[in-house]
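The structure under discussion appears below in the form of structure tokens.
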Amino acid sequence: MTKHNLEWFSSVWHINTVNPWLSKYNVKTHDVVEGHVCPYPEELVFRLVTLFSKKGDYVLDPFCGSGTTNYAALSLFRKTIGYDIEKRYINIAKERCNNRGRFICGSSTDMEECYSNSIQLCVTSPPYLSLKKYSDNPDSIGNAKDPYKLLKEVFEEVYRVLKKGGYFCMNVGGVPDGHGGMTTFPHDMIYMCLDMGFKFKHTIVWDKGVFLNDWNIHQCRMRENHEFVWVFEK
Ligand SMILES: C[S@@+](CC[C@H](N)C(=O)[O-])C[C@H]1O[C@@H](n2cnc3c(N)ncnc32)[C@H](O)[C@@H]1O
């Protein structure tokens, strides 16, 4: 406990978001390399993995993207598995993790490589509907006509593979409705998981810091600078 910042035990975490452009900058070659469009910060995952798993446990990310979850899990001496539909993201994740951990390129609607009741912790951030374009792959959830159906299939798989008492930490943020308001997407994910048997345990509000150029005080325009981490238990 003494090593840990006390903020870990509060329900608001202040962690600067990752600038996707910075993450594309290769310091060795000075090139802007192709990276992931929206990685989450390592710090966010370090905290979740530390709090909800032990050394030697399995940590899963069914939407691993650039492998942030897997990298954090390995650094904390956990075993790890990642799925992503996009080959180029899987390649980034493998390189980032020095080819440790297991990575599967395919849809996490079917995680047949994972035994039932075998995983202690799942940390993930699903596609926020079609907010970001990850790929042209028609099986990518952001491109699907009915993304809720596919998200439900993935979360049912997460439920199957988690051990009883295992945790599922889902990072979700606001999605504009296209008419000047916000959808209820993050909150819909809670009801979806409750319906399949998960227990809803905690809410962590991730304060992502201030984007000065998005703040226009004269027009009283605010931009959401927070996301949620919903914590469920099987
Ligand atoms: C929000 S991003 C995850 C980013 C990741 N947390 C990181 O730090 O890089 C969501 C990911 O889900 C992947 N994805 C979309 N549909 C998928 C599916 N059916 N199965 C597996 N991955 C999928 C996308 O390619 C994208 O990389």
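Positions are given from 1 along the sequence. All values derive from a computational prediction rather than experimental measurement. For ligands, and for the atoms within them, numbers begin at 1 and follow the listed sequence. No hydrogens, no waters, no symmetry mates; every other heavy atom, side chains included, goes into these values.
Within 4.0 Å of ligand 1, counting heavy atoms only, the contacting residues are His36, Cys38, Pro39, Tyr40, Pro62, Phe63, Cys64, Gly65, Ser66, Thr68, Asp84, Ile85, Tyr89, Gly106, Ser107, Ser108, Ser125, Pro126, Pro127, Tyr134, Asp139, Ser140, Ile141.
In this structure the side chain of Phe63 reaches within 4.5 angstrom of the side chain of Val154, judged on heavy atoms.
Both the sub-6.0 Å distance and the 45° axial angle are not jointly satisfied by Lys234 relative to the ring of Phe168.
The closest donor-acceptor contact from the side chain of Trp13 to the backbone of Glu7 lies under 3.5 Å.
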Practice task
Give the C-alpha distance, both sets of side-chain angles, the deciding distance and a yes or no for side-chain hydrogen bond (donor to acceptor under 3.5 Å, both in side chains) between Asn171 and Glu227.
Solution key: CA-CA 7 Å; Asn171 161 228; Glu227 297 197 5; 3.1 Å; yes
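There is a side-chain donor-acceptor pair under 3.5 Å between Glu113 and Tyr83.
Of the inter-residue distances, the one linking Glu153 atom CD with Thr109 atom OG1 reads 5.5 Å to the nearest 0.5 angstrom.
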